Amino acid sequence: MEMDVSQYKELFISESKEHLESLNRFLLELENDPSNTDVLNEIFRSAHTLKGMSATMGYDALMKLAHEMENLLEHLRTGSIKISAAVIDTLFMCFDALEAMINAIAEDKLDQAELETVIAAIREIIGGSEEQSISRRVLATDEREREKEAEKPEERHEALAERIEGEHEEQKTLEVEEEKLKRYSSIPGMRVMNVEVGLAAGCLLKSVRVFMVFKKLSQVGDVIASQPPVEELEDEKFETAFKVAVASPETPEKVEKALLGIAEIERVSVETILEPKIAAPSGEVEKPEVEARAGTAAVLRKTQSVRVNIERLDTLMNLVGELVINRTRLSEIASSYNIPELREALDQTARLTSELQDEVMKTRMVPVENIFNRFPRMVRDLAHSSGKEIDFVIEGKEIELDRAILDEISDPLVHMIRNAVDHGISTPEERVKRGKPARGMIKLSAYRERNFVAIEVEDDGEGIDHHEVFKAAVKRGLVAEDESRQLTRDDILRVISMPGFSTTEEVSGVSGRGVGMDAVKSKTESLGGHVVLDTEEGRGTRVTLMLPLTLAIVQALLVEVSDEIYAIPLGTVRETHVTSPAEIKTAQNQETIFLRDSVIPLVRLDRLLGCSRVLNGSEAFPVVITESGHRLVAIGVHSLIGQQEIVISTLDKFLKKIEGFAGATIMGSGRVALILDVPSLVF
Amino acid sequence: MGPTVLIVDDALFMRMMIRDILTKDGFEIVGEAENGVEAVKKYAELNPDLVTMDIVMPEMDGIEAVRNIIKNDPGAKILMCSAMGQQPMVVEALEAGAKDFIIKPFQPAKVLEAVRKALRGEE
């Protein structure tokens, strides 16, 4: 009977991936602490579970690999193979192959990776042909130990085997010694029977079935002999049938029934060789029935978690978004017609929708751990291959982020960490020469900052050489020689994020720094976030991704400029302020305002956007103080409208290239407002 | 309703599979547990007619769980779920009091046979 397993595929993939993650984590732990048996057991368990699941799904190659890996792990557990660097490498190889295969399955490709090489590597460690004998020895020892511990040795088939060993040494048919027969027949009520047992075709673990038969028989009587002998039965040296001679006070029917109660025992025929001298009243030896157990009336059913397709959550989120828009619209109607009852009802609705929205958002949140976990391995591999010594520290892995964002920043993080290893940390010798500890440090951390989640990669390496960056940039014609002598960190970020910069190779010691930085920057910005770079020559580099908690709905400050409404995401707003022209000072062609001891550059939105109505120089006007990557900018507007929740719609292809806007939103009135992307607008 | 079953396996995937096989045949799944500790607790709580028990699990493995369950209820009917190459563990579980075992990959017919036989017990 075949079964359709396709319906389980999704579950198979998601659960397999969880196992891959824990495998990865525990392998790294094992490498650091090879004596940790708990970790080894966890690894074993994951390999084992993967084997079982893939076998069920019919992914043979995957099962084969998991099985081989499990074999190797079993050797490590029993201590017959010591954990060495080669073993760890092979386990990582297994992991890579497993991951590749599972990903291939997820994409509906064939599940064939370089299976043979990996298996060959495993077998080389185990020692090829020796494998079987070892596992058999292990099995045998286990068995013997259990026998020793056993409280009732007469119930053990192996003990029985010893007892009857002499009888069948040179006999091929089941014959019971005359003397023995006599002994049993002299016991009143004892019947000697010849039991023939047939296993189902294709029965697995036949030896265990044999064990169960022997166990069952020893419960009703004594096993006198078997054909084939017990050793051969144990080694599964038989097809599907075997014979056992048993002495028991039970009737043949009873014996037959008892044996048929074992799974995969297909046929049992019992033939009496020797009738009992005096028939025992049936039921005498019968075991007391287990008393009927209480019913299962009070059944508790608890659902702890349900897996939901991410698309459903997206739809839910969109619906909530629509709801928010409509609620806002109703509020506007309520205030324009001044209906207090409606307003009251809407206040309630507002509370409910924001709760609903919070809940939906929470269901989409996953801890950053989900992607952080893959990096220790990456750093390890990169460090190994480049001969560097690196301590990799992870902080704040419990911080949660919208699933969609998390998926998107995985690649940028790879770039950032790769940069830190390749170009941040230098070799131990060089570090020592510069008076640093030989081991470098890379820290990957996540933390909340108001409406943002910051994800940071920090190294204690060499930092970025400003002059080299500048020289390289001039050389490529990316900046003019006279553009600036004094580069700020944002300038550096801009320069190394230029596509032209990143594609160049090995021009100077810093060339590689730009690898992928343009990708990192554009990806982060497309998610509504921004990148902050801090670098100090000789001290290290820190790249921070400031990411919004969610993609769909944000709190925004609505402002008006020349009769147009714009939304500024509240995450970037620090405060608002009304400034008079007298407060504005101009320094180096840049207007600034002076606020509580700090000088803040001023950007007038009307001038910047080229609006039709521009404020004249004598009017006071409101400014929105925005903060982005530790930098403050005051944005001058015509008026402030208020704070509101907005649903972000992304701009389509035509408009996407216009810098300065993160998207658009539909207001309750039906008007469209553009959402300002402060970092790209003013920096 | 059919006989009640408690499914114990650390893999949701496997639990789902057994649940489907058994539910289709009229069994009532009254609970699931993902490790031995939970299994022992849920057994006492739910008192099911049958338990399917995975062997390799975190916290407490299936064999230990069988010992614990049998200790409190010698009549417990427990079916081990084994993978290939686990003879010693299956034997250990059977000695601890498990009634029978099934092998992954599960074939519905075989699972049902083992379940029925285990439930019928030794009259």
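All figures in this text were calculated on a predicted structure; none of them were measured in a lab. Naming: A, B, ... by sequence-line order, numbering from 1 per chain.
Within a 6.0 Å sphere centred on NZ of K9(A), heavy atoms belonging to other residues, nucleotides or ligands number more than 12.
Interface remark: D9(B) contributes no atoms to any contact with chain A (heavy atom separation under 4.5 Å). At a 4.5 Å heavy-atom cutoff, the contact between M53(A) and chain B is made by backbone and side-chain atoms alike. In this structure, chain B has no heavy atom under 4.5 Å from any part of E10(A). Both the backbone and the side chain of L94(B) come within contact range of chain A, judged by heavy atoms closer than 4.5 Å.
For N36(A), the side chain to side chain contact (heavy atoms under 4.5 Å, CB included) criterion is met by D33(A), D38(A), V39(A), not counting sequence neighbours.
Among residue pairs with one or both ends in residues 56-65 of chain B, those qualifying as side chain to side chain donor-acceptor pair (under 3.5 Å) are E64(B)-R67(B); sequence neighbours excluded.
Geometrically, R19(B) does not engage F27(B) in a cation-pi contact defined by less than 6.0 Å to the ring centre and at most 45° from the axis.
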